Protein chains: 2
Amino acid sequence: MVTRKEDFSRWYLDTIQQADLMDYSPVRGCMIFKPNGYELWEHIQEAFNKRFKEEGVRNAYFPMLIPENFFQKEKDHIEGFSPELPWVTEAAGEKLEERLALRPTSETVIGDAYSRWIQSYRDLPLEINQWANVFRWEKRTLPFLRTSEFLWQEGHTVHATAEEAEARTQRMLDIYAEEVEGLLAIPVFKGEKTPSERFAGAERTYSIEAMMQDTKCVQAGTSHYMGTKFAEAFDIRYLNPDNEHVLAYTTSWGVSTRLIGAMIMVHSDDQGLVLPPRMAPQQVVMIPVGPWQKNPEIMETLEKINAELRQRGFRTVIDDSDNRPGFKFNEWELRGAPLRIEIGPRDLENQKAIIKMRDLEDKEEVALDQVVERVVEALDEMQVRLLEKARAFNEANIYTNIDTLEELEAHIKSKRAEGEYPGWVLAGWDGTEETEALIKERTGFTTRNIPFEGMVEPKSTCIVTGKPSKVTVWLARAY
Amino acid sequence: MVTRKEDFSRWYLDTIQQADLMDYSPVRGCMIFKPNGYELWEHIQEAFNKRFKEEGVRNAYFPMLIPENFFQKEKDHIEGFSPELPWVTEAAGEKLEERLALRPTSETVIGDAYSRWIQSYRDLPLEINQWANVFRWEKRTLPFLRTSEFLWQEGHTVHATAEEAEARTQRMLDIYAEEVEGLLAIPVFKGEKTPSERFAGAERTYSIEAMMQDTKCVQAGTSHYMGTKFAEAFDIRYLNPDNEHVLAYTTSWGVSTRLIGAMIMVHSDDQGLVLPPRMAPQQVVMIPVGPWQKNPEIMETLEKINAELRQRGFRTVIDDSDNRPGFKFNEWELRGAPLRIEIGPRDLENQKAIIKMRDLEDKEEVALDQVVERVVEALDEMQVRLLEKARAFNEANIYTNIDTLEELEAHIKSKRAEGEYPGWVLAGWDGTEETEALIKERTGFTTRNIPFEGMVEPKSTCIVTGKPSKVTVWLARAY
C-alpha cells in the first residue's frame, strides 16, 4: 500500500479495497457495497432513523421513476439536475409516451403527492423521510464519494409558516452535525451555502462540511429551506384557520453513502482502515497466540470473554484460523477493527490479556477478570479520541490570516513546495458571483459555506477586492 | 365501504385507502407507500433481518442497472424476464451504447460479482442478502400485490455442493414460513412449484402459498435451487481441495411487499383493517371518553398507562383530539389498531378501564392496576388468535375429494351459485404441461405447489386423465 503522503487518492482506493468494503461493477460509475461496506451504512441508518423518529418524522417510500413533466414544473430544479439524469424510454417492449427519469432526488414526486394530501392547517406539519437509491450520472466517479447510483435518506417536510420551516431546516442540520460527530467521529463545520452552491430550487441551503486528511473538503450533509418555491410549482396549499387557501413552506434534507467515504478519509492511516468503534462491523477481534492449539484453555478463555461482550451487545469475532498471528494482526488492522485482544500461554499463566487499540502504538496488559470492563471503556475512549484527533488536525490546517488572493496563491504554492496540503482558509467575501468564480479560477479553492454568526471571527475585507466584505466564508478544495 | 361478500376487490382497495396505507402515483403501475404502509414493511425487515443474520447471511448492495449482455448469459432467465423489463437508453443527454435494465431480480449482476470474489473452497459458502427496489412492468397492477416497482429482499448464496445448496434453499423456505406465520399470522402451504411455474433459470423452486378470504391464493415467498445453471452462465467456479476448478451451486430466495397485501386480505374485515399486533404501527390506542376535558385525572391515568407501555416497547397513541369518541373508535378500527383502551369518569371512579380488541365483539373491564399486564397478554392472545382463525378458514375451504375435471367444474359452478368462494383443491396430477394447461383453461385454477411428502394425503389418480398421478398438487385461483 502507498502512504497518504505519497498518493492520497491511490491510498484511499487501496484502503477501501484492502478492507473489503466495495467492488467496482461493470455498470458505469456504479459500485457494489460489499457486506463490510454496507454494514457501515446500516449503522448510519439505525442511528439517524432513531433521531428522525424522535423528531416525529416517519418513513415512507415514493416511486423511483419520475415523469419528465414533473421536472418542468420548477425551473431551477430541472436546470440543476437535467445534465445528470438517466432516462427510461422503453418498457416491456414498447416505447414510452413520456420519458421517466431515475430520481436524482424526490422533491417533485413528493411535492405532487403532498399537494393531494394536504387540505387544511390541521394536516401540518407533514414530515416524512425516505431511504432510497438515487441516480446522478457523474462524469468522474470515486467510490462512496461520487457514484452514479448512491444510497441516501431524504426528508421532506411541509409547514404552515416560514418560521417553522426554517426551524425544521436548522434543526435537521444540528441533528446531522451531532450524529456525524458522535457516530462517525467527524468534526463538522456548519454554515450556509453561497447562492451559486444552493440546491437547485432552494431559497437557502445549509451544510455540514468536513476536512479530509488531504485537507480537501467533503460536503457531508445538506438541509434546504425551499420557502414557497416548490409549493408554488406543485400547488401545495392549505386552508388556514381564516378559511384562506395559502401556500405552504417546504424543506428537504439529506445525507448519503458519501459519509462513509468521508469517514474513511478522516480516520484511516497508512496501515489501512481506522473505524470509530460505534461504526465498526467487528468492534473487538480476539486472537489466540503462541501454541494455543495445544492449550485449550486459551480458546476457552477467549470464548468466555466473547460471550460476555456479545451479551453486552458488542460485535465481536474470534479469529481461530490457521494463519500466523502476525498475518491476522495485519489483516484486522487493514479492516479497521478498533480493538484486538491477544491471549497466549504466558498471558494465561499470569491471568492477563493483551489489548491493542487500532489507533495507538502501545499495547496494554489487563487482568483477565477486568478485560470486559476495560474493553467497554477503551472503545468509548477511542470513539472520543478519534473525534478529538480529527479536530486537532482541522485546527492545525485552518488559516485565518490570508487577506488577499495573492497571499492565497503564495500560500498554496509554498505548501505544495513543502509537500504539505493547503488546508482551509477563512476569508472575507463581497458576496458576488464574479469574485467567487475568480477565487475558483485562480486557486482551485471554492466557497464551502458561510459559518453562522458567532462561530468564527469575521473577516472585514473581501479577499478578492479588498473592499469591505459582506460575509465570511470557508474556502477549500473539495471532493 | 362495501363488504367482502359484496365485492372483495373493491373492499380491498377501500380498506387500504381508509387505513391510509398507500396512495396511487401518476407513475404507471407504481404506488406510494405512506407512513402507515411503509412501517409494515419496516417490521418485516426487522424480523427477517434478524433471522438472516442469525443464519450468517450478511446484507450488501448491488447496482440497480443491469447491462443487457448480462441477461443474455442465461437463456431461460432472459426469456422469463424480458417481457417485463424497463430500459434506460439515455443518460446525461447522450444515448447509451448498451441498454441498461432496471433490475427485476439480481442473479445476473450478483453472479458476475461472485465469479470474481470466489477463488477457492475456503471462500464458500458465500451468503449475501440485499434489500432493494425491483421493477417488473406489469399490465394489470394491484396495490401491494402487483406493482411495477416493488420492494423486496433477495438472498443469493453459493455453495461447494448440491446438498449444501439444497439445504440452504429449504432452510430459507422454513424461515419464511415461520416468520410469515409468527409475525404476519398468515398460515402458509409449503411445497415445490411445478416446472412451468419455476423461477426463470431455476432447477427447483419452492414456495409458501397463502389463502386469502376470497380463497384466492397469494404466493408469499419463494426459494430457488439453481444447481449449477447460473454458475455456468457466469463462470462461478472454485478450486476444490483436490486443486480442480469446479462449478459452484447457487440459490436465491425472496419475499416482497406483496406480503403486506396478503396480510390485509387474510385478516381484515368489513370494518376495515385488522393487523396482527406484532405488525401494527399503533398497537394500543387510548381514548378518553365522557366529559374527560373537565376531569384531568382521566388523561393523567392514560398518560401513566402510556408511559408504562412505551417503556415496555409497545407502540401506543393517546387520541386526545376533539372528535367524538364514536368517531375515534371508528377511525382506529379502520386503521387496524389491535387494542383500544377507554377510560371515562365512571371507569375512573370504579378504578377500571375498558379494553376492546379489534377482532372481538365484546369489551372487557380491567382493574386499572392490572391494565398494563392485561394489554401485554391480550396482544399476545390476539396474535395467536388471528393465525388460528386464518387456519380454520383455510381448513374450511380445502377440498380433497374432487377427482375429475368435471367434478371441479361442477364444484366451482355450485359455489358460485351459492355466492360462495371455490376454495382450494388438492388434486392428483400426471405432471405434464398439457394437463396443467387444460386445468387452467377449463377452470381458471392453477397449480400452486406440490406439498412436501407427508404433508397431505396423496391423491392416486390424475384429475385430468384419471390415470395414476405422478404428484399431488394444490389447485386454486391466484393473484
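Note that the structure is a prediction, hence the values are computed from the model and not measured.
Contact annotation for B/Pro83: only backbone heavy atoms (N, CA, C, O) come within less than 4.5 Å of a heavy atom of chain A. Only the backbone of B/Tyr24 comes within contact range of chain A, judged by heavy atoms closer than 4.5 Å. In this structure, no portion of B/Ile110 lies under 4.5 Å from any heavy atom of chain A. In this structure, the portions of B/Asn59 lying under 4.5 Å from any heavy atom of chain A include both its backbone and its side chain. Residue contact with chain A, scored on non-hydrogen atoms closer than 4.5 Å, is absent for B/Arg136. Interface residue B/Lys53: only side-chain heavy atoms are found under 4.5 Å from chain A. If you measure heavy-atom distances from B/Glu149 to chain A, the contacts under 4.5 Å come from the side chain alone. Contact annotation for B/Glu42: only side-chain heavy atoms (C-beta onward) come within less than 4.5 Å of a heavy atom of chain A. Heavy-atom distances place both the backbone and the side chain of B/Asn36 under 4.5 Å from chain A. In this structure, chain A has no heavy atom under 4.5 Å from any part of B/Trp41. In this structure, chain A has no heavy atom under 4.5 Å from any part of B/Arg28. For B/Met22, no part lies near chain A; criterion is any non-hydrogen pair under 4.5 Å. In this structure, chain A has a heavy atom under 4.5 Å from the backbone of B/Leu85, while its side chain stays farther away.
The shortest heavy-atom contact between B/Pro143 and B/Leu13 is CD-CD2, 3.7 Å.
A donor-acceptor pair is defined here as one N or O able to donate and one able to accept, closer than 3.5 Å; such a pair exists between the side chain of B/Gln130 and the backbone of B/Phe62. A donor-acceptor distance shorter than 3.5 angstrom exists from the side chain of A/Glu98 to the backbone of A/Glu68, with no hydrogens or angles considered. Between the side chain of B/Arg258 and the main chain of B/Thr147, no donor-acceptor pair closer than 3.5 Å is present. At distances below 3.5 Å, at least one donor-acceptor pair connects side-chain atoms of A/Asp123 with backbone N or O atoms of A/Ser120. Judged purely by atom type and a 3.5 angstrom limit, A/Gln119 uses its side chain to pair as donor or acceptor with the backbone of A/Arg116.
The greatest number of non-hydrogen atom pairs below 4.5 Å with chain A, out of B/Pro63, B/Pro67, B/Pro86, is found for B/Pro63. Annotation: maximal heavy-atom pairing with chain A below 4.5 Å, among B/Gly93, B/Ala92, B/Ala101, B/Ser82, occurs at B/Ala92. Here B/Met64 is the residue among B/Glu84, B/Met31, B/Met64 with the most heavy-atom pairs under 4.5 Å with chain A. Chain A forms more heavy-atom pairs under 4.5 Å with one residue of B/Pro35, B/Ser25, B/Gly37, B/Ala132 than with any other, namely B/Pro35. When each of B/Trp137, B/Phe33, B/Tyr61, B/Tyr38 is checked for heavy-atom pairs under 4.5 Å with chain A, B/Tyr61 comes out on top. Considering only heavy-atom pairs separated by less than 4.5 Å from chain A, the leading option among B/Arg99, B/Lys139, B/Glu94 is B/Arg99.
Note: A/Phe230 and A/Phe234 have parallel aromatic rings, judged against thresholds of 30 and 60 degrees for the angle between ring planes.
Comment: A/Asp20 engages A/Lys34 in a salt bridge, judged by a side-chain N to carboxylate O separation of less than 4.0 angstrom. Using a 4.0 Å cut-off between a side-chain N of Lys or Arg and a carboxylate O of Asp or Glu, B/Lys50 and B/Glu54 qualify as a salt bridge.
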Next item on the list: Carefully, step by step, assess B/Thr257 and B/Ile44 under the rule side-chain contact (heavy atoms from CB on, under 4.5 Å).
Entry: CA-CA 9 Å; B/Thr257 36; B/Ile44 291 172; over 6 Å; no
Next item on the list: Show your reasoning for whether side-chain contact (heavy atoms from CB on, under 4.5 Å) applies to B/Phe48 and B/Asn129.
Entry: CA-CA 11 Å; B/Phe48 282 63; B/Asn129 175 62; over 6 Å; no
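For the residue pair B/Thr316 / B/Asn306, a side-chain donor-acceptor distance below 3.5 Å is found, with atom types taken as modelled.
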